[in-house]
Visitor: 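Below you will find the structure I want to go over with you.
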Amino acid sequence: MKATPAARRRSHRNPIVSLVSHAEGRQHALQRKGRRPARHASCFASGRVVDVAVTEYVRWFEAGARKRHRHETHRGQVVSFTVQLEIETDDGWTPVVRYDMAHGSPHIDRYVTPGRPTKTPLDLSPAQALTHADKDLDANWCRYRGAFLEGRQR
Amino acid sequence: MTELQRLNSLLGTEFDRYVLEHPSFAARIPAGAEIVLQLRGHPRFNAWARSLIRRNHERGRPVLLVTIDRLRSPRSRLVSPRLRQIRAA
């Protein structure tokens with residue numbers, strides 16, 4: 001796959017960018033041919049570009065309450081995830097509880113007050129934390145929603 | 001939680017686990033899809049799940065119907081537990 005002119009210009013400054021542009025170019029080429037590109041993204045890990053498989057979907061609990069699930073795997077291993085309970089309020093969809101690895105290690109953010117999360121680290125591997133996150137939100141979404149709405153009313 | 005919501009949560013947890021354990025299945029889920037779970041032999045639950053997506057569907061998101069044949073009965077995940085009697089104190 002030939003690099004685009006813009007990628008060639010960028011590659012003179014940063015060789016890693018050219019690899020990302022190559023992956024993006026491949027995606028565009030597949031789309032032009034009418035084929036659905038593989039759902040993967042490129043991310044940097046220790047200075048190297050690696051391909052990760054991204055899975056993302058939404059499941060409804062009831063009207064105004066849903067769970068957003070996203071995880072990325074590399075060679076079958078979970079490398080990143082975000083699982084979040086969202087409640088519909090007057091301000092739109094608002095996260096109430098979120099499990100993710102935004103800072104490299106699994107943790108839980110609880111939005112007791114909108115916009116100000118309480119962070120709790122999880123001493124679990126990414127795969128264990130992801131399983132725990134899904135299970136916890138599926139079992140306790142009703143309770144989390146009640147506590148959040150109660151907090152807003154105070 | 002109502003009985004239908006409880007069943008939805010149970011199936012949802014199992015679905016999440018299945019997706020993680022079966023990457024080729026996961027690859028068939030369009031990005032950002034809304035998942036509707038259906039369980040064979042449960043018409044009331046299936047109708048409820050469909051009405052939930054009908055009322056709350058977000059425009060622009062693909063909707064994916066997941067029909068489940070059945071759930072296996074839960075089994076212990078313990079491997080080779082051993083018994084040994086000891087003194088209490």
Side-chain angles (χ1 to χ4, degrees), chain A residues 27 36-41 51-88 92-93 99 125-146, chain B residues 1-39 44-68 71 74-77 79:
Chain A
Q27 296 279 348
R36 203 172 79 176
R39 288 194 37 249
H40 70 268
D51 274 345
V52 295
V54 180
T55 303
E56 186 178 358
Y57 53 86
V58 168
R59 279 203 297 107
W60 290 91
F61 291 127
E62 70 167 27
R66 68 186 185 187
K67 186 178 83 169
R68 188 191 298 270
H69 174 117
R70 176 191 164 98
H71 71 261
E72 297 174 10
T73 56
H74 173 64
R75 291 186 182 175
Q77 302 295 315
V78 175
V79 294
S80 172
F81 68 87
T82 303
V83 178
Q84 126 176 331
L85 170 65
E86 297 176 347
I87 302 297
E88 197 172 25
W93 285 102
Y99 286 84
S125 70
Q128 287 171 333
L130 174 57
T131 304
H132 172 75
D134 279 324
K135 232 169 142 175
D136 180 42
L137 295 187
D138 285 337
N140 299 306
W141 65 268
C142 208
R143 191 164 59 83
Y144 289 140
R145 182 187 62 171
Chain B
M1 253 196 267
T2 66
E3 178 202 335
L4 295 174
Q5 288 170 344
R6 227 182 291 271
L7 179 55
N8 190 41
S9 288
L10 168 66
L11 292 176
T13 303
E14 294 299 332
F15 173 78
D16 294 331
R17 190 177 294 154
Y18 191 91
V19 165
L20 196 56
E21 292 172 358
H22 298 81
S24 54
F25 181 88
R28 293 167 60 197
I29 300 173
E34 291 179 349
I35 304 292
V36 186
L37 299 172
Q38 304 276 271
L39 182 60
R44 199 163 72 96
F45 169 77
N46 295 343
W48 172 83
R50 283 180 181 255
S51 74
L52 189 62
I53 206 75
R54 235 189 339 263
R55 284 182 278 124
N56 300 291
H57 170 61
E58 227 179 6
R59 197 172 285 187
R61 285 191 186 276
V63 178
L64 204 64
L65 199 74
V66 180
T67 306
I68 300 158
L71 269 179
R75 290 179 59 185
S76 172
R77 295 185 299 167
V79 177

Visitor: Relative to chain B, which segment of A/A139 carries a heavy atom at a distance below 4.5 Å: side chain, backbone, both, or neither?
Guide: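 When you check distances to chain B, only backbone atoms of A/A139 fall under 4.5 Å.
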Visitor: How would you list, in number order, the residues of residues 2-9 of chain B that have a heavy atom less than 4.5 Å from chain A?
Guide: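 So the qualifying residues are B/Q5, B/N8, B/S9.
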Visitor: Testing the basics here: between B/I35 and A/R59, what is the closest heavy-atom pair and its distance to 0.1 Å?
Guide: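 What the structure gives for the nearest pair is CB-CG, 3.7 Å.
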Visitor: Considering residues, nucleotides and ligands other than B/E58, do more than 12 of their heavy atoms fall under 6.0 Å from its CD?
Guide: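 Counting other residues, nucleotides and ligands, CD of B/E58 exceeds 12 neighbours.
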Visitor: For B/V19 and A/H71: C-alpha separation, side-chain torsions, deciding distance, then whether side chain to side chain contact (heavy atoms under 4.5 Å, CB included) applies.
Guide: CA-CA 10 Å; B/V19 165; A/H71 71 261; 3.9 Å; yes
Visitor: How long is the gap from CD on B/E14 to CG on A/D138, to the nearest 0.5 Å?
Guide: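 Here the rounded value is 10.0 Å.
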Visitor: Using heavy-atom distances under 4.5 Å, tell me whether A/R143 contacts chain B through its side chain, its backbone, both, or neither.
Guide: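 No part of A/R143 comes within 4.5 Å of chain B.
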Visitor: I'd like to check A/T55 versus B/F25 (side-chain heavy atoms, cut-off strictly below 4.5 Å). Are they in contact?
Guide: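 No; the side chains remain at least 4.5 Å from each other.
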Visitor: Would you indicate whether B/R55, at its atom CZ, is surrounded by more than 12 heavy atoms from other residues, nucleotides or ligands within a distance under 6.0 Å?
Guide: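 Yes.
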Visitor: Using non-hydrogen atoms and a 4.5 Å limit, figure out which bit of B/L52 sits close to chain A: side chain, backbone, both or neither.
Guide: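 For B/L52, the side chain is the part near chain A, not the backbone.
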Visitor: Under 4.5 Å from any heavy atom of chain A, what part of B/L10 do you find: side chain, backbone, both or neither?
Guide: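 For B/L10, there is no contact with chain A at all, as no heavy atom is under 4.5 Å.
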Visitor: Nearest 0.5 Å, what's the CZ-OH distance between B/R61 and A/Y57?
Guide: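 Reported to 0.5 Å precision, the distance equals 13.0 Å.
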Visitor: Given a strict heavy-atom distance threshold of 4.5 Å, which part of A/V78 is in contact with chain B: side chain, backbone, both, or neither?
Guide: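 Side chain only.
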Visitor: Would A/F61 and B/M1 satisfy side chain to side chain contact (heavy atoms under 4.5 Å, CB included), going step by step from the backbone distance to the final call?
Guide: CA-CA 10 Å; A/F61 291 127; B/M1 253 196 267; over 6 Å; no
Visitor: Considering only heavy atoms, which portion of A/L137 lies under 4.5 Å from any heavy atom of chain B: side chain, backbone, both, or neither?
Guide: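 Neither; nothing under 4.5 Å.
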Visitor: For B/D16, does its backbone N or O pair with a side-chain atom of A/D134 as donor and acceptor, under 3.5 Å?
Guide: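 Pair absent, no side-chain N/O of A/D134 close to backbone of B/D16.
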